[in-house]
**Q** 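What follows is a structure written as structure tokens; I'll ask about it next.
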Amino acid sequence: MTADSDAPTRSVRMEDLVSLCARRGFIFASSEIYGGINGFWDYGPLGVELKNNLKARWWQRMVRERDDVEGIDSSIICHPKTWEASGHVEHFSDPMVDCKACKKRFRADQLEGIGKCSEGGAHDFTDPRNFNLMLKTFIGASEEAAATAYLRAETCQSIFTDFKRVREAARQKLPFGIAQIGKAFRNEINPRNFTFRSREFEQAELEFFVAPADREKWFQYWLAERFAFHQEIGLRPEHLRQRDHEPDELAHYCNAACDVEYLFPFGWQEIEGIHDRGDWDLTRHTEYAGKDLSYVDDQTKEKFIPHVVETSVGIDRTTLALLCDAYAEEDLEGGDQRTVMRFHPALAPIKAAVLPLSKKLAEPAEKLARDLRKRMNAYFDVSGNIGKRYRRQDEAGTPFCVTYDFDSETDGQVTVRERDSMRQDRIPIEGVAAWLAERIEG
Ligand code: GAP
């Protein structure tokens, strides 16, 4: 399914979101002062916090809370044979056509709505040719074929090549998984929809190794877990769905796949894939590396190549889904308007902003902000009238604003304003950190 095939029913306009992201420092074009570079994005102060919170939550759920999953952090460039074994050198390509007149290159399956040739009239296309999506580099001083290496196209291949080492080091038995979060690179022909299709992006992947007979059971288990995760981080259930892959869409390593899709302003699109990779990867690496990656069941003494159920989520795509889901424009009483990012408090980049009502109160208020920072990402803002400061925090998605006023000096209390309801509560200063923590994590 392409982005344009399913009519969008969302009210958020991408241009409004993209503009807010740049203005408020969530996400903007990489190398912006040079005009940007297509398919590459930078995360600013708010964006990096949002993305880090998402990654931390994934790691917490997928690694820390489980004794059957181990984490790793592997190198981005690995032995080039890895990509021959994985099938990426042979199969990881998109069919491309070139226009003989304007020399532009397009994906052959995405020609609908591409517009006219800049040389006039219709494009004059070549026959489709396969174009490999892996980004190449060279190791050392030589630029010969022998020195060619690839920036990884998916993070999971190192999990397969590290499988034996990690299993033995961590003394794991089947079923168990290895997880990692990291950068992946694809030379996408047509990067588009903001960060949705980028050339450099982050994935969070779990490869769960199981006995062949248990594949289907674990596939269903991980599909349910991962679908629940997206709701837990605050994405609205009506904006999420599952979609099984048709046999002709399956990647070369896949026996079955189900996508978790999110309803972006440009239509339903994949944010995560749950894949039954069978024994493809470990069998191929056994063959190409000449190392035995089989497993012996210590009960039955049966020797076999473990099968793999994979969960592979795009961190950038999920961050984009969080941004789309959070964005709201609201009319307020008195004809006022606000743009508010309604992030789940646990994912919000800033948890609390401390705002002294007057510059004269800056010192004790700043002390409160410093104390809060030991437990959460707190912000201090003394400039502008209080209404403007609230609006700035609404746009940043800060769930709580703590106002320090002249009464705080005598009654030892502050006013906490909740972002979505704008409800205000008066609470003791010494209890603020616990009060906030309970609501952020709760
Ligand atoms: N290891 C399996 C794998 O890489 P994939 O479906 O190709 O599977 C998994 O990618 C996830 O990575 C996708 O669901 C998506 O969220 C993210 N992803 C893939 N290509 C991307 C791109 N060009 N830009 C941003 N995210 C991408």
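We're numbering straight along the sequence, starting at 1. Read the numbers this way: they start at 1 and go in the same order the structure lists the ligands and their atoms. Reckoned from all heavy atoms, side chains included, excluding hydrogens, waters and symmetry mates.
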**Q** Using only heavy-atom distances, determine whether the side chains of Arg152 and Ser74 contain a donor-acceptor pair under 3.5 Å.
**A**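 Yes, side-chain donor-acceptor contact under 3.5 Å.
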**Q** Which ligand 1 atoms does Ser198 reach within 4.0 Å, using its non-hydrogen atoms?
**A**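 Atoms satisfying the 4.0 Å criterion: 22 (C), 23 (N), 24 (N), 25 (C).
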**Q** Would you call Lys55 and Glu202 a salt bridge, using N to O less than 4.0 angstrom?
**A**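 Salt bridge present between Lys55 and Glu202.
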**Q** Kindly identify the option in Arg186, Glu310, Glu205, Glu200 whose heavy atom sits closest to atom 20 (N) of ligand 1.
**A**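 Checking each option, the heavy atom nearest atom 20 (N) of ligand 1 is found in Arg186.
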**Q** Considering the heavy atoms of Tyr253, write down every atom of ligand 1 situated less than 4.0 Å from one of them.
**A**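 Reading through ligand 1 atom by atom, the close ones are 2 (C), 3 (C), 8 (O).
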**Q** Verify, without hydrogens or angle tests, whether Asp381 (side chain) and Ser383 (backbone) share a donor-acceptor contact under 3.5 angstrom.
**A**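 Present.
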**Q** At a 4.0 Å threshold, what atoms of ligand 1 neighbour a non-hydrogen atom of Arg277?
**A**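 Result: 1 (N), 2 (C).
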**Q** Any side-chain donor-acceptor pair under 3.5 Å between Thr155 and Glu205?
**A**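 On atom types as modelled, these side chains qualify, holding a pair under 3.5 Å.
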**Q** Is Phe196 in polar range of ligand 1, meaning some N or O pair under 3.5 Å apart?
**A**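 By distance alone, the answer is yes.
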**Q** Can you find a side-chain donor-acceptor pair between Glu70 and Gln172 that sits under 3.5 Å?
**A**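 The criterion, which ignores hydrogens and geometry beyond distance, is satisfied for Gln172 and Glu70.
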**Q** As an exercise, identify every atom of ligand 1 less than 4.0 angstrom from a heavy atom of Glu154.
**A**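 Those of ligand 1 that fall under 4.0 Å from Glu154 are 1 (N), 2 (C), 3 (C), 4 (O).
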**Q** Suppose we call two aromatic rings close when their centres sit under 6.0 Å apart. Are Trp41 and Phe28 close by that rule?
**A**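 Not under 6.0 Å, so no.
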**Q** Output yes when the distance from some N or O of ligand 1 to some N or O of Gln203 is under 3.5 Å, and no in every other case.
**A**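 Yes, at least one N or O pair falls under 3.5 Å.
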**Q** May I ask you to check whether Phe201 has an N/O atom sitting below 3.5 Å from an N/O atom of ligand 1?
**A**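 No, Phe201 has no N/O under 3.5 Å of an N/O on ligand 1.
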**Q** Within ligand 1, which atoms have a heavy atom of Cys156 less than 4.0 Å away?
**A**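 Counting from 1, the qualifying ligand atoms are 1 (N).
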**Q** Could you tell me if any non-hydrogen atom of Ile271 lies under 4.0 Å from any atom of ligand 1?
**A**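 True for this residue.
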